[in-house]
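Below is one structure, written out as structure tokens; comments come after it.
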Amino acid sequence: MAKITSGLGTSHIPLLGYMVDKGESHLEKWAPIFDGYTFTKKWIREQKPDVVILVYNDHATSFDMKVIPTFAIGCGEEYHPADEGYGARPVPVVKGSPILAWHITASLIKQGFDMTIVNEMDVDHGLTVPLSMVFGEVEEWPCQVIPLAVNTVVYPSPTGERCLALGNAIRTAVEQFPEDLNVQVWGTGGMSHQLLGERAGLINQAWDLAFMDDLKSDYKKLAAISQVEYIRESGTEGCEMVMWLIMRGALNHQVNEIHRHYHVPVSNTALGHLIYENTDTMNLEDKP
Amino acid sequence: MAKITSGLGTSHIPLLGYMVDKGESHLEKWAPIFDGYTFTKKWIREQKPDVVILVYNDHATSFDMKVIPTFAIGCGEEYHPADEGYGARPVPVVKGSPILAWHITASLIKQGFDMTIVNEMDVDHGLTVPLSMVFGEVEEWPCQVIPLAVNTVVYPSPTGERCLALGNAIRTAVEQFPEDLNVQVWGTGGMSHQLLGERAGLINQAWDLAFMDDLKSDYKKLAAISQVEYIRESGTEGCEMVMWLIMRGALNHQVNEIHRHYHVPVSNTALGHLIYENTDTMNLEDKP
Amino acid sequence: MNNNNKPYRNIPGTTVFDGEMARIGFHLNQFCMSLMKEANRKTFKQNERAYLDKWRMTEAQKSAVLARDFNQLIALGGNIYYLVKISSSDGLSVAAAVSTMTNLTTEEYIEMMRCGGRSPEGNRFIDAKQYEDKKPEEKQ
Amino acid sequence: MNNNNKPYRNIPGTTVFDGEMARIGFHLNQFCMSLMKEANRKTFKQNERAYLDKWRMTEAQKSAVLARDFNQLIALGGNIYYLVKISSSDGLSVAAAVSTMTNLTTEEYIEMMRCGGRSPEGNRFIDAKQYEDKKPEEKQ
Ligand SMILES: [Fe+3]
Ligand SMILES: [Fe+3]
């Protein structure tokens with residue numbers, strides 16, 4: 001049976017992709033940013049996930065004002081890096097996992113999640129930057145990816161409770177898939193940032209660090225945070241953190257935090273990153 | 001405050017629109033079909049709804065294989081009748097109700113429904129045929145319309161339970177809207193039909209009539225019907241009936257059935273139509 | 001019928017348009033979708049083969065379109081709401097297109113509909129006898 | 001700031017992209033979206049006014065695009081993820097574009113970020129004093 005073995009949270013700041021693509025990620029001056037992913041690159045080579053369910057938000061790239069899905073799941077064969085206004089990133093095409101993705105989608109809809117099924121779309125920095133940060137510069141991404149795009153652009157985003165529940169339902173779906181697969185769930189976005197208005201540049205380090213602390217065991221407290229509180233405390237774009245709750249919901253209640261990294265700033269944003277491993281994936285009573 | 005006063009169920013068979021557009025709806029031979037809407041046309045002139053929330057499915061018209069939302073709600077200013085392969089229907093442009101639609105959408109997302117927001121799309125026979133059957137041939141549709149498109153094309157459709165709950169949440173949202181508005185919810189599609197394979201042409205009159213009977217008070221029984229049972233009993237396209245459950249969920253537990261019509265066949269399909277009026281819209285405990 | 005291990009696999013004469021069918025039919029259905037534009041319908045009609053060759057469809061899908069073989073198109077991942085865009089551009093009614101998938105002529109099909117349609121009796125399970133023997137609670 | 005009667009109306013220097021803003025900004029944002037294609041970026045750059053006139057935008061929206069007045073564009077329904085398509089086609093970094101909305105120069109803004117960003121203290125409520133006086137349970 002397929003199994004979710006670990007979860008990973010990371011910011012997906014476009015500047016990170018730009019640095020990687022320019023060959024600048026190894027520069028001494030960026031070490032405080034990129035050194036936080038050295039452990040991760042080693043860890044992922046050992047873990048060898050077959051499939052990553054990558055939770056991100058589309059930043060007005062494949063979804064424009066015409067159609068805005070709350071939860072869109074990619075069931076396609078592959079996804080091309082998008083031209084976000086300055087040419088597409090020179091990174092490999094993202095290979096989908098259509099059979100598992102359709103299985104999960106059907107299960108989620110039957111579990112009462114109102115998924116939007118996507119068979120063709122381009123993917124923006126929200127999805128490709130985490131791949132670059134974790135896998136580095138590679139000829140091919142070494143695993144299949146199921147993109148899960150969450151609306152955090154148009155108010156309101158899905159609630160934290162809903163996101164936690166979605167993660168939980170994803171776990172149920174994955175565990176019913178007959179093939180032996182090592183599946184990871186990544187939650188991306190955040191941490192605190194605000195990209196507009198006179199208040200632009202807001203960063204709330206105390207909030208971010210408390211979020212990372214609480215995510216391990218007190219995630220229900222985090223799930224109760226309203227979007228208005230996210231905006232007030234961590235900036236208009238701070239609400240991207242609900243996507244980390246989808247990752248958290250897909251794991252056991254008991255997890256080990258095996259890595260953490262936090263750095264301010266990257267461009268306009270606080271960078272956060274952590275890794276959880278499930279302590280016991282067999283215990284079905286153990287769901288968040 | 002806005003209030004849902006009544007619900008209406010009706011098939012949305014394309015041939016009906018074709019007959020209307022050809023000026024054939026008054027022909028003697030079609031009387032058994034169209035006479036069932038004579039009461040309705042009179043009733044709607046008295047009711048004068050301000051807004052109709054029109055639940056239908058897009059039949060591979062505005063949504064193709066690329067993006068398939070489970071629940072898509074129209075927040076746009078207007079919607080044009082679609083060219084479904086034989087030119088657009090010569091009926092008026094459909095005026096939206098964007099302020100109410102955005103209010104409902106925000107409320108639904110906060111209530112845990114994963115809506116896809118649509119600001120621009122064309123609408124097919126699923127939406128325009130019910131308008132023609134109820135309002136007849138008019139220069140302008142006499143009310144605003146909020147399209148609510150449900151996926152019934154790609155398996156799986158949302159469950160009956162989910163549809164009933166969505167109706168319920170729509171009612172909560174409408175009742176929190178400050179403007180005095182007379183709102184109706186229409187559920188369309190069905191009844192039994194199958195458009196493909198050696199089994200095409202399947203009609204299950206007993207099933208259809210039992211569905212109309214149970215919808216009044218035993219709707220929870222109907223909500224438990226799986227899509228596989230719909231397909232088996234009432235044809236591959238019979239699962240469109242879940243859309244009537246959204247309408248039912250938006251009404252009080254206590255309703256009066258003030259009209260019913262059933263006819264076989266129209267083209268490949270059993271035609272069903274009924275009207276419910278809420279008996280007491282003030283009783284909040286009275287939700288289905 | 002590509003419905004192994006699925007709860008609907010035992011419904012006779014029926015293909016459910018699920019993820020598996022949607023995958024193999026993706027380009028076929030997108031081709032059908034293109035026929036919603038008058039200009040494309042014209043180009044298609046002028047040279048069907050040339051128009052089809054612009055799409056990433058399998059040879060079997062293209063042949064089935066040319067032959068208007070709807071049962072075959074369904075088996076190859078076509079969805080009926082997409083496929084009727086082909087028959088509509090041929091000027092065919094939905095009923096006429098649908099009838100070609102049955103063992104009836106269009107006239108016989110329309111007559112069957114006029115008489116109340118195809119009965120569900122004996123059409124619920126591939127082995128109808130087996131179904132009728134089941135207890136009610138097993139029938140789903 | 002068009003946030004009357006909304007729970008976020010009292011957050012200073014902040015416009016939430018809700019349904020109201022999405023409605024008034026629809027065509028402005030769709031114009032921005034068009035700049036994701038290289039050919040459109042070129043045409044826009046050659047004659048910005050002529051390119052803008054092809055879109056159903058208000059005169060105020062067009063002027064604000066020409067002036068690269070991001071605060072004004074936000075007030076007229078622009079969403080920042082759409083608007084950065086304008087600054088990207090100008091070759092500007094996101095930080096540079098964002099800084100123009102604050103009362104800081106780009107250099108001052110980047111320096112503020114380097115020092116840990118803008119503090120939430122005093123930036124949570126339009127009347128910060130009023131907020132700090134509230135009891136914790138009222139603060140949401
Ligand atoms: Fe982001
Ligand atoms: Fe239909």
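In what follows, chains are A, B, ... by sequence order, proteins preceding strands, each numbered from 1. Bear in mind that the values here come from a model prediction, so they are computed numbers and not experimental data.
Listed options D/Lys37, D/Glu38, D/Arg41 were ranked by heavy-atom pairs under 4.5 angstrom with chain A; first place goes to D/Arg41. Most heavy-atom pairs under 4.5 Å with chain D: of the set A/His193, A/Glu237, A/Gln205, this distinction falls to A/Glu237.
Heavy atoms closer than 4.5 Å to chain A are found in the side chain of D/Met112, but not in its backbone. The contact between D/Asn79 and chain A is made entirely by side chain atoms (from C-beta outward), counting heavy-atom distances below 4.5 Å. For chain A, the nearby parts of D/Met113 are the backbone and the side chain; heavy atoms of each come within less than 4.5 Å. Both the backbone and the side chain of D/Phe17 come within less than 4.5 Å of a heavy atom of chain A. D/Leu35 touches chain A through its backbone: at least one of N, CA, C or O sits under 4.5 Å from a heavy atom, while the side chain does not. Proximity to chain D (any heavy atom under 4.5 Å) is shown, for A/Ser267, by both the backbone and the side chain. Contact of A/Thr61 with chain D is made through backbone and side chain together, with heavy-atom distances under 4.5 Å.
If you check the side chains of A/Asp64 and D/Tyr82, you find no donor sitting under 3.5 Å from an acceptor. Judged purely by distance below 3.5 Å, without hydrogens or angles, the side chains of D/Asn29 and D/Tyr81 never pair a donor atom with an acceptor atom. Using a 3.5 Å distance cut-off with no hydrogens or angles, the side chains of D/Thr106 and D/Ser99 do pair a donor with an acceptor. Remark: the A/His59 side chain and the A/Glu84 side chain contain no N/O donor-acceptor pair separated by less than 3.5 Å. A donor and an acceptor atom, one from each side chain of A/Asn151 and A/Thr70, are nowhere located under 3.5 Å apart. Under the 3.5 Å distance criterion, with hydrogens and angles disregarded, a donor-acceptor pair is assigned to the side chains of A/Glu240 and A/His12.
Near-neighbour residues of residues 47-60 of chain D relative to chain A, defined by a heavy atom under 4.5 Å from a heavy atom of that chain, are none.
Ring to ring, A/His263 and A/His273 are not that close: their centroids are 6.0 angstrom or more apart. Residues D/Phe31 and D/Phe44 bring their aromatic ring centres within 6.0 Å.
Geometrically, A/Arg232 engages D/Phe125 in a cation-pi contact defined by less than 6.0 Å to the ring centre and at most 45° from the axis.
Other residues, nucleotides and ligands contribute more than 12 heavy atoms inside 6.0 Å of the OH atom of A/Tyr262.
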